[in-house]
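What follows is a single structure, written as structure tokens, with notes after it.
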Protein chains: 2
Amino acid sequence: MTRAEECPEEFDPTRLLTPRAREVLEAARTLLERDGWAALTMRALADELGIAAPSLYKHFASKDALKSQLVAVGLKDFGEALRPVTSVAALVRRYREVAGANPELYRLATHGPLDRDALPPGLEDWSGSPFFEATGEPYRAQALWAAVHGMVILELDGRFPTGSAPKATWDELANHFS
Amino acid sequence: MTRAEECPEEFDPTRLLTPRAREVLEAARTLLERDGWAALTMRALADELGIAAPSLYKHFASKDALKSQLVAVGLKDFGEALRPVTSVAALVRRYREVAGANPELYRLATHGPLDRDALPPGLEDWSGSPFFEATGEPYRAQALWAAVHGMVILELDGRFPTGSAPKATWDELANHFS
DNA sequence: GTCTATATCGGGATAGAC
DNA sequence: GTCTATCCCGATATAGAC
């Protein structure tokens, strides 16, 4: 397994957080991955930390702010995991792996509109740039990204008849873009 | 534009509903498409129909039952729109069109786990079979479906830098599977 | 098939003391 | 940074009369 490269410092979403806020964010991520976004209420998060729910608002102005931070952390982690890029086939394999290892964070980071104003500038592009590096062409990159995203999300949601997509289907997809 | 074929009667999700329930379902679809799933509350739906919210429960046992019906109607309509199949390129074009014309129903029908017990038996497979007909091979069919789904959903969510995916990206994708 | 009245729940969030 | 007490809202859903 290729070792992931670290994200440039200016893209680190946690760089301006207090230490305590970082702990809250970590707990939120743990809870998110364990029970899903719908179960991640401010009360449940407070319980996980052993504090009272209103105390959370000393660290994050709103639940929405917390969500944006989680999304940013997801983009950072996924971007890191996808580089350095060696080939289309390896990128596809790695994308599936990292999404499968953090399914709820993946869902949160990729589902619905993205509040770009709440992200470190440049993070979104940096996160997706492995696709450009692997394909060497912007439209191919977008098409490949959309294709693997579709595979991952349908797989996570159990939309394939077999539950997860058969290896043959993943191979088909990788081959078409190699 | 190719004329869509009608769905076999046994797959029609509304075949067992009372006329009034059908009207409720129609209103729900209208409201869903206008304001999105999050805004489709039982109260809002009742308002749209000019009745009181509790009256809805005479027609549908729960909101979840109503949701399942909407999903089923979506699968039926999308399946109809995608046949007869002439080519991979035409299928891809048509898929984008029909999803774009019913974005909120598309989201509802494709997002998250599918409650298969609540659907007419066979409807799910029938809805997706145009992909098999177009590719002539099951794994290719799945990969193509995932790819176009990824494109559509990222486009609906405004996830591409340009808002919607450029034509060149759609062409890339269709070409890879033709 | 519709109504009114109401139960129940749980969410996000604020005020102000310590 | 944490607490307790509390507010406010809006959601699904039920009971029972008409």
Side-chain angles (χ1 to χ4, degrees), chain A residues 14-73 104-105 107-108 111-113 115 117-118, chain B residues 14-73 104-105 107-108 111-113 115 117-118:
Chain A
T14 69
R15 74 200 184 290
L16 297 178
L17 296 182
T18 65
R20 186 55 171 150
R22 258 177 269 241
E23 292 174 12
V24 172
L25 189 61
E26 260 312 296
R29 180 173 178 168
T30 300
L31 211 54
L32 170 67
E33 215 50 78
R34 197 180 70 203
D35 300 332
W37 173 249
L40 182 53
T41 67
M42 296 303 265
R43 283 169 169 130
L45 177 55
D47 281 353
E48 177 79 9
L49 285 157
I51 64 177
S55 306
L56 294 171
Y57 292 86
K58 297 291 183 182
H59 309 294
F60 292 93
S62 66
K63 190 184 182 185
D64 215 56
L66 178 66
K67 179 179 176 177
S68 290
Q69 290 283 341
L70 282 169
V71 169
V73 166
E104 296 297 337
L105 186 61
R107 269 188 235 271
L108 194 72
H111 175 243
D115 182 0
D117 295 339
Chain B
T14 68
R15 74 199 183 290
L16 297 179
L17 297 183
T18 65
R20 185 55 172 151
R22 258 177 269 242
E23 292 175 11
V24 172
L25 189 61
E26 260 311 297
R29 180 172 179 170
T30 300
L31 212 52
L32 170 67
E33 216 50 79
R34 196 179 71 205
D35 300 332
W37 173 250
L40 182 53
T41 67
M42 296 302 264
R43 282 164 178 160
L45 177 55
D47 281 354
E48 177 79 10
L49 285 157
I51 64 177
S55 307
L56 294 170
Y57 292 86
K58 298 290 183 183
H59 310 293
F60 291 94
S62 66
K63 189 185 181 182
D64 215 57
L66 178 66
K67 179 179 177 177
S68 290
Q69 290 282 342
L70 282 169
V71 168
V73 166
E104 296 297 337
L105 186 61
R107 269 189 235 272
L108 194 72
H111 177 243
D115 183 359
D117 295 339

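What you see below is based on every heavy atom in this structure, not just the backbone, and it leaves out hydrogens, waters and symmetry mates. So that the names make sense, note that chain A is the first sequence line, chain B the second, and so on, each numbered from 1.
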For nucleotides 6-18 of chain C, read 5' to 3', which letter fits each nucleotide if B means a protein heavy atom sits under 4.0 Å from the base, S means only the sugar-phosphate is that close, and - means neither?
-> -----BBBBB---
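Judged purely by atom type and a 3.5 angstrom limit, T41(B) uses its side chain to pair as donor or acceptor with the backbone of A44(B). A donor-acceptor distance shorter than 3.5 angstrom exists from the side chain of E33(A) to the backbone of L105(A), with no hydrogens or angles considered. Formation of a donor-acceptor pair under 3.5 Å by the T18(B) side chain with backbone atoms of A21(B) is found in this model.
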Criterion side chain to side chain contact (heavy atoms under 4.5 Å, CB included) on H111(A) and H111(B), from CA distance to verdict = CA-CA 9 Å; H111(A) 175 243; H111(B) 177 243; 3.4 Å; yes
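Just one of T30(A), L70(A), L108(A) meets the side-chain contact (heavy atoms from CB on, under 4.5 Å) condition when paired with L40(A); it is L70(A).
Screening residues 61-70 of chain B for salt bridge (Lys or Arg N to Asp or Glu O under 4.0 Å) gives no qualifying pairs among residues at least two apart or on separate chains.
Of all non-hydrogen atoms in W37(B) and E104(B), the two that sit nearest each other are N-OE1, 4.1 Å. When every heavy atom of S68(B) is checked against every heavy atom of D115(B), the shortest pair comes out as OG-OD2, 4.2 Å. In terms of heavy-atom proximity, R22(A) sits nearest to L17(A) at NH2-O, 2.8 Å.
Remark: R34(A) pairs with E48(A) by the salt bridge (charged side-chain N to carboxylate O under 4.0 Å, His left out) rule, at least two apart or across chains. Legend: residues meeting ring-ring contact (aromatic ring centres under 6.0 Å, His included) with H59(B), ordered by chain and number and at least two apart, are absent.
Computed from coordinates, the D47(B) CG to dC3(C) P distance equals 10 Å when rounded to whole Å. Atom CG of L49(A) is separated from atom C1' of dG1(D) by 12 Å (rounded to the nearest Å). Going from atom CZ of F60(B) over to atom C1' of dG1(C) covers 14 Å, rounded to whole Å. Per the geometry, CG belonging to L45(B) stands 18 Å off P belonging to dG10(D), to the nearest Å.
Residues from residues 14-37 of chain B lying near DNA chain D, meaning a heavy-atom separation below 4.0 Å, are absent.
Comparing the local axis fitted to the first five base pairs of the helix from dG1(C)-dC18(D) to dC18(C)-dG1(D) with the one fitted to its last five gives a bend of 0°, rounded to 10°.
The phosphate of dC3(D) has OP1 or OP2 within less than 4.0 Å of a side-chain N or O from S55(A).
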